[in-house]
S.K.: 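Before we start, here is the structure in question, set down as C-alpha cells.
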Amino acid sequence: MVTIISTMETQVSNGPSGTSMPNGPVISTNGATDDSKTNLIVNYLPQNMTQEEFKSLFGSIGEIESCKLVRDKITGQSLGYGFVNYVDPNDADKAINTLNGLKLQTKTIKVSYARPSSASIRDANLYVSGLPKTMGQKDMEQLFSQYGRIITSRILVDQVTAGISRGVGFIRFDKRNEAEEAIKGLNGQKPLGAAEPITVKFANNPSQKTGQALLTQLYQTAARRYTGPLHHQTQRFRLDNLLNASYGVKRFSPITIDSMTSLAGVNLTGPTGAGWCIFVYNLSPEADESVLWQLFGPFGAVTNVKVIRDFTTNKCKGFGFVTMTNYDEAAMAIASLNGYRLGDRVLQVSFKTSKQHKA
DNA sequence: TAAAATT
C-alpha cells in the first residue's frame with residue numbers, strides 16, 4: 001500500500017477586485033448582492049467533517065450569512081470542500097488570515113475567495129501522467145502556464161520514498177477552454193529534455209462516479225465506521241443489506257448508515273450525546289477560538305470550541321472547552337496537549353468533570 | 001494512472 005501525500009501546492013489568492021468595505025453586504029446598483037468580498041471557498045476539508053463542524057469552525061470568526069459543505073448528491077459523502085459567505089467582508093478576510101493552512105486531521109485546509117460561479121470554470125482540471133521524476137511543481141506550472149491561469153497544481157509524491165515524484169499530477173486552470181488548449185498543446189508531447197511523452201487529459205470528476213466505484217466507496221465508508229473486522233454476523237448482514245439496498249435504488253441516505261451503526265453498538269458518542277467535552281486551562285487573555293481549533297483539530301473530529309470570556313473586558317478568563325466526537329481521538333488529544341507549552345504557559349487539558357461545570 | 005475547486 002502506498003500512501004500519497006502532496007506537499008507541493010500553490011496557494012493562489014483568488015482575491016476580490018477593489019478594496020474591502022468596512023461593513024455589511026455590498027449591494028450593487030442593480031440590486032444584486034456582490035459576494036466577491038464575503039464569499040469563501042474552503043478546500044481540503046477532512047472527509048468526516050460535518051456541516052455542523054464546518055459551520056462551527058467558520059462561525060468562530062464572525063457572523064455567517066450562509067455556509068454549505070458540498071456533498072455528493074447520491075451518497076451524501078462530503079466532497080471535501082465548502083462555501084462560507086460572511087455578512088462582513090472583514091470577517092471573510094479574517095477567516096483567510098486565521099484559518100487558511102489550518103491542519104485538521106491529515107489535511108491542511110485552504111481558505112480563499114470563491115470565484116464567481118460560472119459554467120466556464122467547471123471541468124477545468126487536468127490529470128497529467130508520464131512526467132519526468134525530476135520535474136517539480138514549479139517546472140510543471142511553467143510548462144502549462146502558457147495556456148492560461150493556473151488555479152492549483154500538484155504533483156503526487158510517494159511518502160515512503162521520502163517524497164519522490166510519482167510522475168503524476170493535476171493542473172487546474174481558471175477556465176475550461178484553457179484546459180482544452182493545454183491538452184491540445186501538451187498531450188503526447190515530450191517536455192524539454194524528457195525521454196518519454198506526457199499524457200494530459202481531463203481529470204475524473206469525483207462526483208460522476210460509476211456504479212461500481214460508488215459501491216466500492218460506500219462499502220469502504222461503511223466498513224470504516226466499524227471499529228474492527230466485521231466478525232459479528234448481524235453487522236455483516238446489515239452492512240450487506242445496506243449496500244444491496246443502496247445500489248440501483250431509491251432512497252438511500254447516509255442517515256441510514258448512521259442509524260445502523262448506532263444499532264450495532266459501535267461509534268459511540270460521549271455522555272452528553274454530542275461528544276466528549278474537554279476542559280482546557282491556562283489559556284492567555286488574548287486566546288480565541290482559532291487557537292483551540294489549531295490545537296485540537298489535528299487529533300480528530302472537533303464539533304465545537306469555546307473560549308470563556310469576561311463579560312465586560314471580553315478577554316479570555318484563562319480557560320475554554322472543546323468538544324470532540326470520538327473518545328479515542330479526544331483521549332489522544334488530552335494525552336498530547338496536557339502539559340503542552342503554549343507561549344509562556346503550560347496548558348492543563350482533561351475531560352471536563354461535573355466540578356468544572358460552569359460555562 | 002488519480003486527489004476531493006464552484007453552491
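Just so it is clear, the values below take in all heavy atoms, side chains as well, and ignore hydrogens, waters and symmetry mates. Residue numbers start from 1 in every chain, and the chains themselves are labelled A, B, ... in the order their sequence lines are given, proteins ahead of strands.
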S.K.: Parallel under 30°, tilted from 30 to 60°, perpendicular over 60°: which one fits the rings of A:Phe279 and A:Phe319?
M.R.: tilted
S.K.: When the distance from CG of A:Asp174 to P of B:dT6 is rounded to whole Å, what number comes out?
M.R.: 12 Å
S.K.: Out of B:dT6, B:dA5, B:dT1, which has the shortest distance to the side chain of A:Ile151?
M.R.: B:dA5
S.K.: Give the rounded distance in Å between these two atoms: CZ of A:Phe202 and P of B:dT1.
M.R.: 22 Å
S.K.: If we ignore angles and hydrogens, is there a donor and acceptor under 3.5 Å between the side chains of A:Gln137 and A:Ser153?
M.R.: yes
S.K.: Once you round it to whole Å, what is the distance between C1' of B:dA3 and CD of A:Gln137?
M.R.: 14 Å
S.K.: Please table the atom pairs, donor to acceptor, closer than 3.5 Å between any side-chain atom in residues 189-200 of chain A and protein atoms at least two apart or in another chain.
M.R.:
none

S.K.: Looking at A:Arg176 and A:Ala119, would you say the former's side chain and the latter's main chain have a donor-acceptor pair under 3.5 Å?
M.R.: yes
S.K.: Can you check whether A:Ser117 has a side-chain N or O nearer than 4.0 Å to OP1 or OP2 of B:dT7?
M.R.: yes
S.K.: Determine whether the aromatic ring centres of residues A:Phe321 and A:Tyr281 are separated by less than 6.0 angstrom.
M.R.: no
S.K.: With no angle test and no hydrogens, is the base of B:dT6 tied to the side chain of A:Arg115 by a donor-acceptor pair under 3.5 Å?
M.R.: yes
S.K.: Indicate yes or no for a side-chain donor-acceptor contact from A:Gln348 to the backbone of A:Gly339 under 3.5 Å, with no hydrogens or angles considered.
M.R.: no
S.K.: Side chain of A:Ala203: nearest nucleotide among B:dA3, B:dT6, B:dA5?
M.R.: B:dA3
S.K.: Over how many whole Å does the gap from A:Ile41 atom CD1 to B:dA5 atom C1' extend?
M.R.: 4 Å
S.K.: Between A:Gly80 and A:Val84, just flag the one whose closest nucleotide in DNA chain B comes earlier from the 5' side.
M.R.: A:Gly80
S.K.: Reckon A:Arg166 has a side-chain N or O less than 4.0 Å from the OP1 or OP2 of B:dA3?
M.R.: no
S.K.: Give the nucleotide from the list B:dT7, B:dA2, B:dA5 with an atom nearest to the side chain of A:Arg172.
M.R.: B:dA5
S.K.: Looking at the side chain of A:Val168, which of B:dT1, B:dT7, B:dA3 is the nearest nucleotide?
M.R.: B:dT1
S.K.: Whole angstroms only, please: what is the NZ-C1' distance between A:Lys107 and B:dA5?
M.R.: 13 Å
S.K.: In this structure, how many angstroms lie between the C1' atom of B:dA3 and the CG atom of A:Asn43, rounded?
M.R.: 11 Å
S.K.: To the side chain of A:Phe170, which of B:dA3, B:dT1, B:dT6 is closest?
M.R.: B:dA3
S.K.: Using atom CD1 of A:Ile171 as one end and atom P of B:dA3 as the other, report the distance to the nearest whole Å.
M.R.: 17 Å
S.K.: Rounded to whole angstrom units, what separation is found between the CZ atom of A:Phe83 and the C1' atom of B:dT7?
M.R.: 5 Å
S.K.: Base, sugar-phosphate, or nothing: which does A:Asn85 touch, judged by heavy atoms less than 4.0 Å apart?
M.R.: nothing
S.K.: Could you check which of B:dA5, B:dT7, B:dA2 has an atom nearest any side-chain atom of A:Ser112?
M.R.: B:dA5
S.K.: Return the nearest nucleotide to the side chain of A:Lys201; candidates are B:dT7, B:dA2, B:dA5.
M.R.: B:dA2
S.K.: Any donor-acceptor pair under 3.5 Å between the side chain of A:Asn204 and the base of B:dA3?
M.R.: no
